Amino acid sequence: MSRFYEVRQKDGAARIGRLQLNEVVQTPLMLRVESLTYWESKEGRGEVPRGAVGAVLLPEVHPFFEAGNSQSGDFFVLAFASALLNSPRDFARRIVGARERIPPDAALWVPGVATAENAAVLFYAGVDLVDNTNAVLKGYGGIYQTEEGEERLESLEELPCNCSVCSSLSAGELRKKAGRKRALLLARHNTLLLEKEVKKVRARVRAGTLREYVEQKVRSSVFLTAVLRILDSEAEVYFERRTPVARRGVQLKANTMESLKRVEVRRFARRVQERYEPPAGRRVLVLLPCSARKPYSASQSHRKFVEAVADFRGCLHELILTSPLGVVPRELELAYPAAFYDIPVTGYWDAEERAWVASCLRAYLERNLQNYESAVVVAHLGGAAREICSGVAAELGVEIVQTCEGERGEEATTAVCSKEGLSRLKEVVAELCGEKQRLTGFELKAGVVKALADFQFGLGAGSGLVGNLSLKKNLPKKKEGERMKITGKFPFYKLSSKGEVLARIVPEFGTLALTVKGARRIANFLSPRSSYKVEIGDFVPKGSVLAPGVVNADPEIRENDEVVFCGEKAFGVGRAKMSGWEMVESRRGVAVQVREVEEI
Amino acid sequence: MTSLKNKTPVASWLDYDFLAEEQRAVKCLTVILRTRGCQWRKCRMCGFWHESADPSLTQADLLTQLEQALERHSPDEDFILKIFTSGSFLDEREISGETRRKIAETVRRRRRQGRTKGRRRGGIKKLLVETRPEFVSEEKIKDLEVVEGLELAFGLETADDFIRSNYINKGFSFEDFRNAAKVAKKSGASVKTYLLLKPPFVSEKKAIQDAVKSADLVAPYSSTISLNLCNVQRQTALEGLWRRKFYRPPWLWSAVEVLKTVKRKRGEGLVLLSDPVGGGHKRGPHNCGKCDAAVVRAIKKFNRTQDLSVLERLDEREATTAETAAEAECECKGVWCALLKFDDFLFGSNPPSSTLP
């Protein structure tokens, strides 16, 4: 149980927390080894005065290693931490292993190894505390550390830094200082540099963009790049359990090949597979290219596509092919991260990108193609997207009509947005659809709300909330007033029934927020495996539900998920501020931010 | 049929050792007999038992091995004979009572100066044998009282039972050692005690503290203390730890520190030695790479002279002559000092030295 540490904000496995030492400090933190004091308590545990209690995590090779999880302590120290520098795999495994042995609301201290170069990766992997021991020792050894590595002082022509040490003297002057003095100055520079790096990481965690920073930081080192790749491939579950389902207004920048492996990307693709079904009664599938502007509908190019096929939209279904997300059904264009990503567009797609997007398209077609009356797929794509699509179609034996000419390397956007391209699209669609059928405003909006509900809560939630759309035409009226209404301009849709709001889209997060009424409506439709339910104690929460108040929680819940909470005295809805398993295992911190609550 | 390997000792060589009785270095012949090897074989850092003989070994082979070493290396002045096995000299499973007595007889015959094949050869003035304490008895010691000076050597490693049993896995206690030392003393033999600097899982600073404290505790029972600087032998548990960076051999500065502290306290009453095996190599005790050779030289010189100033000179900030310049304090001494200062907060972490050339 943690009494003196509290996690305030998270970004994946990295966290901002408050630790009570002699004073309250913020993690990620660099401890100054010169200022630490130490004594052993009777139980033999290391203790920092007046506040946090620490415990030591021994490696499996140690005679006193105990298997299993450690529970007591505000912070845990990873003993023999230098072993993680043995190999990138050890680096990744030792940190992830340590983190998984201790409670989520305890801090993890990895002593003696942090540098300005590796700190971001340490924190990204789940470390909370580092120290400047390495910085000081390197300084004493005549090593000048930089953000990207280290240099011997003798080899430096100039000091590439502006810290108080480096701005006060030149490389030559520093070299000429007497041994002890020089060592202290170097240690000071190294320490300041590390401290600056820690501040940068804290800013990135607050902004929710640590992943982008880490992808950039690891480039300086083969070792660290390998660490990131190993974390992506071997610790996927570890990070998935800690990564929010949405981030408020944060752009995901897919600048590197590692971006394809991001939890957000993989999770989106998986959910399109598992939690999405195309609207019923659409005859033709149309594949479209992505746009730089998000949501796609707001872009020039998509307005043109929509305009071209407007007369037939009621009987066709739009699917956007994009890297790194794979395929984005039109109804999910507002979801995170579909409306929140950016990627350098050059017309060149590398092999891995192609393979990934192709696999997403293939999976989608295999699962959903039988839902469309027409077995012919229309592809309004250029360049690499066009090639990928042809490849997958050939593989699956699916007939495909390409509506854009233009070879690889040519300006694809001109082709897809060209008059000829658009009129060919219209022609082909008209031919395949037969009679004109426009999409009603309600159908369009309801499709979005339903798809988002399914995407967030699992298949079934959408029809539970909105009603069965495919039957709507046959049963236009039930009782007066039972009719669903969706009001609001794109993308601020609001779903209501009998004058009461059930749910609304929150475009900043790309999520659907429920009201208590809406929650009650879908509760029966949620599968027991992913109920998004938080069981709370015998109280009525006000602003937030704190972790100790949680009795049980659906382990599927992730930060920023919409959740339903219920207890003996209250039923309500809110936004999760930690994962479901963390709510159960933590003793401190906000579990759910309450939006609406009803006393029972 | 016994193999050629079994007729050859593991190693034998001639060098100098400080003889307390004469307060000077004298020639010393070391023989490591290839026996069937140590019965215990569980110490984390020890790979000596890999050098055991083939199963066909006969007791006669052992005598052949000793003869061969004496033949090859006997100096023409009086010398010390040190007999090690890759286990215990007094373990009858390695060396039978009869062989022991025959070895004693060989030594007795050679205690006076003499001639072999017309060549002058020195007499054996002192015999040293190493054994685990559990094999010591008055009776066995009596067998060996063939030269004036008999010394029994024990690899106690540390006076701390906790470290010895948990981190080294030595399998005997300080009490066992003390009893064996008492028996030795009662039988007129002197005692040499080996201490291990930096066993696995012990940090640099705690290793120094442990060695100094151990020296204090074993001094009353020992005429010589030899500080073994832990090195990483092949196919040992320690090697596994070292490979995965759970272990770094001690700094040579730590060895210097222990030798200085102990010698200052004990003075001439105690012979203090340390053979820096593997000194300057990554598997052995090492500093930064620049000063290692100079420090190793100083330690070896100290062994021969027992002169503290040899070690103290390493600390001199300003070198006065070109010769001492190399031995003067290196930049890495500051790193080592800081390492000790921050020891409490490293939790066993061995901060990496620079990867730069």
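Proteins get letters first, then strands, A, B, ... in listed order; numbering begins at 1 in each. Since the structure is predicted, the reported quantities are computational estimates derived from the model, not experimental observations.
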Shorter than 4.5 Å, heavy atoms on both sides: which option in A/D90, A/L85, A/N134 has the most such pairs with chain B? A/L85
Determine, using ring centers only, whether A/W109 and B/F347 are less than 6.0 Å apart. yes
Please rank A/G142, A/G139, A/S155 by heavy-atom pairs under 4.5 Å with chain B and give me the top one. A/G142
Using heavy-atom distances under 4.5 Å, tell me whether B/L241 contacts chain A through its side chain, its backbone, both, or neither. side chain
Is a donor from one side chain sitting under 3.5 angstrom from an acceptor on the other, for A/E34 and A/N132? yes
Identify which part of B/R243 has an atom lying under 4.5 Å from any heavy atom of chain A, answering side chain, backbone, both or neither. backbone
So B/Y167 and A/H62, would you call those rings parallel, tilted or perpendicular, with 30° and 60° as cut-offs? perpendicular
With side chains defined as the heavy atoms from C-beta onward, is the minimum distance between A/L137 and B/L339 less than 4.5 Å? yes
Please classify the contact between A/V136 and chain B as side chain, backbone, both or neither, with a heavy-atom cut-off of under 4.5 Å. side chain
Under-4.0 Å salt bridge between B/K265 and B/D216: yes
Under a 4.5 Å cutoff for heavy-atom pairs, which residue among A/L84, A/V61, A/L31 has the most contacts with chain B? A/V61
Whether A/E66 and A/R101 form a salt bridge (side-chain N of Lys/Arg under 4.0 Å from carboxylate O of Asp/Glu) is what I want to check. no
Out of A/V110, A/L78, A/V77, A/L58, which one racks up the most heavy-atom pairs below 4.5 Å with chain B? A/V77
Which one of B/F342, B/F201, B/Y247 has the most heavy-atom pairs closer than 4.5 Å to chain A? B/F201
Contacting region of A/A183 [heavy-atom separation from chain B under 4.5 Å]: neither
Look at B/A237, B/S349, B/C337, B/P351 and state which one has the largest set of heavy-atom pairs under 4.5 Å with chain A. B/S349
Side-chain donor-acceptor pair present, B/S52, B/S86, cut-off under 3.5 Å: no
